[in-house]
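Encoded as structure tokens, the structure appears first; notes follow it.
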Protein chains: 2
Amino acid sequence: MTATEETVVLSEPSAAEARDRLASVIERGGLFTLFGECTVEYDGRAASSLGPGRRHVMCKPDGTVLVHTDEGQKPINWQPPGSRQAVRIEAGSLVLDSRRENPDEELVIRFERIAHLAIFETDGGGGASLSVTGTEEDLKRRILEEPELIEAGFRPLATERSTPAGAVDIYGEDEEGRVVVLELKRRRVGPDAVGQLSRYVEALERDLHAGCEIRGILVAPSVTDRAHRLLTRKGLEFVALSP
Amino acid sequence: MTATEETVVLSEPSAAEARDRLASVIERGGLFTLFGECTVEYDGRAASSLGPGRRHVMCKPDGTVLVHTDEGQKPINWQPPGSRQAVRIEAGSLVLDSRRENPDEELVIRFERIAHLAIFETDGGGGASLSVTGTEEDLKRRILEEPELIEAGFRPLATERSTPAGAVDIYGEDEEGRVVVLELKRRRVGPDAVGQLSRYVEALERDLHAGCEIRGILVAPSVTDRAHRLLTRKGLEFVALSP
DNA sequence: ACTTGAATATCGGTA
DNA sequence: TACCGATGTTCAAGT
């Protein structure tokens, strides 16, 4: 065992030793990782079974469990925040059992061999928070500050205006006084975004009155071919703009 | 330092020692983790900056980089598979630099202090592969085996039938010989799924002939209120069915 | 390489 | 809490 003031590491711990350590860490709400040969069973929204292999398991104080193999960005199995972990020994093997409710889900990890167990002291969220730029929110701000990026005479009147089909990103008027609905996307869009804009336009045409013509404009860096054809077919427009 | 046949652990390594170890692991394509006080900068599809705090960093042989805090299922920063890592020392601190192209993205992690460095021997994907049940694919299979789950007389004719708006999950005929389009969802659906089904129905009405009436049925465990109203408004139908 | 849609998507805002 | 849409979504399949 190697320990510093903060980190505790057990190499090849016995199942009993791992269980005792982990029971204590789980109790006090710590962050720990395991690495070793294990099987994983999941049952909940879906169900899956994973045969023996070497995996890296991380459990966070907030209840998150992540099982990673040597490939891929996504964990091969996981449990979301709010889950509750328990450890026990079955047939001489360490078993990590994670459950949550609503929906009911269970993840069971059975370790045939534990190569490594590490317990970390975190800063309890004391770390600085993340700020991201280049989002749809940035695109919206840009348009509100400079509406002529859409077209000359465009005047935004509201953001997140609610319709029976959901909230419109930007709602406004054009130079002629016609209602304009903007749907913003931070990246190249496909048919789904056209469908979304179309829903809003149809909902507003129904909600406002009959004679009222409503323009729908998709604002994004670019569109796919199919999305472009859908736009044309539905009488919607496109403005190229990036966040 | 603690080492077993497989796992190498360094506690509180110096920046130089960490750099040397990691350069070697990256070279041969190993899996390693770091834990310590660091800052993270990302620039690519978007951009972000993360001030000092204790984080857990994992680098996989496939080029994946994951930065986790003590909260949340998603890494706070990451780099996808295929990225290339390099280590260096700047102002006495270890810097892990990850880049990829197409799109150009860079992630830079600066360690003020390294509490823990672990190098793991993986089984190179030798582990058993995962199979998930309860997916949309399972729902499709169920309907093809037992079409009367949709309604008496329903006959599936094709899956993934292509239309100008995309591929239809299941395409078939009802007892009266009318064309039926099914859109399957493995879980409760909102307005987006209705829009998707609607696109397919409209595209087929245009693609086939004028007089031809086409039925669209959304198949899912349940629908939200708003989605239900949209279905009604568009003359589409709903069948409750779970994977 | 690009497009398209699924996913145990996850996450945050809002009603 | 449920709903709704954004996400540096990621991922796999088809073209």
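If you check distances only, the side chain of A/Glu183 never reaches the base of D/dG5 with a donor-acceptor pair under 3.5 Å. With hydrogens and angles left out, the side chain of A/Asn77 and the base of C/dT8 share a donor-acceptor pair within 3.5 Å. The base of D/dG5 has none of its N or O atoms less than 3.5 Å from a complementary donor or acceptor on the side chain of B/Asp192.
Heavy-atom nearest nucleotides on DNA chain D were determined for A/Asn102 and for A/Ala165, and the one closer to the 5' end corresponds to A/Asn102. Heavy-atom nearest nucleotides on DNA chain C were determined for A/Gly190 and for B/Lys74, and the one closer to the 5' end corresponds to A/Gly190. Both A/Glu137 and B/Val223 sit near DNA chain D, but only B/Val223 has its closest nucleotide nearer the 5' end. Between A/Ile76 and A/Arg188, the residue anchored nearer the 5' end of DNA chain C, judged by the nucleotide with its closest heavy atom, is A/Arg188.
Taking atom C1' on both D/dA6 and D/dT10, the two are 14 Å apart, rounded to the nearest angstrom. Look at the P atom in both D/dC11 and C/dC11: the space between them is 15 Å, to the nearest Å. Taking atom C1' in both C/dA9 and C/dG5, the straight-line distance is 13 Å, to the nearest Å.
At C/dA9, one or more side-chain N or O atoms of B/Arg187 fall inside 4.0 Å of OP1 or OP2 (strictly under the cut-off). B/Trp78 has no side-chain polar atom (N or O) that falls below the 4.0 Å cut-off from OP1 or OP2 of D/dT9.
When distances are taken from the side chain of A/Gln196 to each of D/dG8, D/dA6, C/dT8, the shortest belongs to D/dA6. Each of D/dC11, D/dC4, D/dG8 was ranked by its minimum atom distance to the side chain of B/Arg226; first place goes to D/dC4. Checked against C/dA7, D/dA2, C/dG5, the side chain of B/Arg199 finds its nearest nucleotide in C/dG5. Comparing atom distances between the B/Thr224 side chain and each of C/dT10, D/dA2, D/dC3 picks out D/dC3 as nearest. You'll find that the side chain of B/Gln73 is closest to C/dC11, out of D/dC4, D/dC11, C/dC11. Between C/dA7, C/dT8, D/dG8, one nucleotide has an atom nearer to the side chain of A/Ala46 than all others, and that is C/dT8. Comparing atom distances between the B/Arg186 side chain and each of D/dT9, D/dA2, C/dA7 picks out C/dA7 as nearest. Looking at the side chain of B/Tyr200, the nearest of the listed nucleotides C/dG5, C/dA9, C/dT8 is C/dG5.
Contacts of A/Pro191 with the nucleic acid, taken as non-hydrogen atoms under 4.0 Å apart, involve only primed sugar atoms and P, OP1 or OP2.
Atoms CD (A/Glu136) and C1' (C/dG13) sit 13 Å apart, rounded to a whole Å. Distance A/Glu71 CD to D/dA12 C1': 14 Å, rounded to the nearest Å. In this entry the distance linking NZ of B/Lys185 with P of C/dA7 reads 8 Å, nearest Å. Counting to the nearest Å, the C1' atom of C/dT10 and the CG atom of A/Leu130 are 15 Å from each other. In this structure, CG of A/Asp138 is placed 15 Å from P of D/dA6, rounded to the nearest angstrom. To the nearest angstrom, P of C/dA6 lies 14 Å from CG of B/Leu182.
Side-chain N or O atoms of B/Asn77 include none that pairs as donor or acceptor with a backbone N or O of B/Val67 at under 3.5 Å.
Looking at A/Asp174 and A/Arg215, a side-chain N of the basic residue comes within less than 4.0 Å of a carboxylate O on the acidic one, giving a salt bridge.
Enclosure of atom CZ in B/Arg188 by more than 12 non-hydrogen atoms of other residues, nucleotides or ligands within 6.0 angstrom is indicated.
Here B/Lys185 contributes atom NZ and B/Asp192 contributes atom CG; the two are 7.0 Å apart, rounded to the nearest 0.5 Å. Of the inter-residue distances, the one linking A/Leu66 atom CG with B/Met58 atom CE reads 8.5 Å to the nearest 0.5 angstrom.
The aromatic rings of A/His56 and B/His56 sit tilted, their planes meeting at an angle between 30° and 60°.
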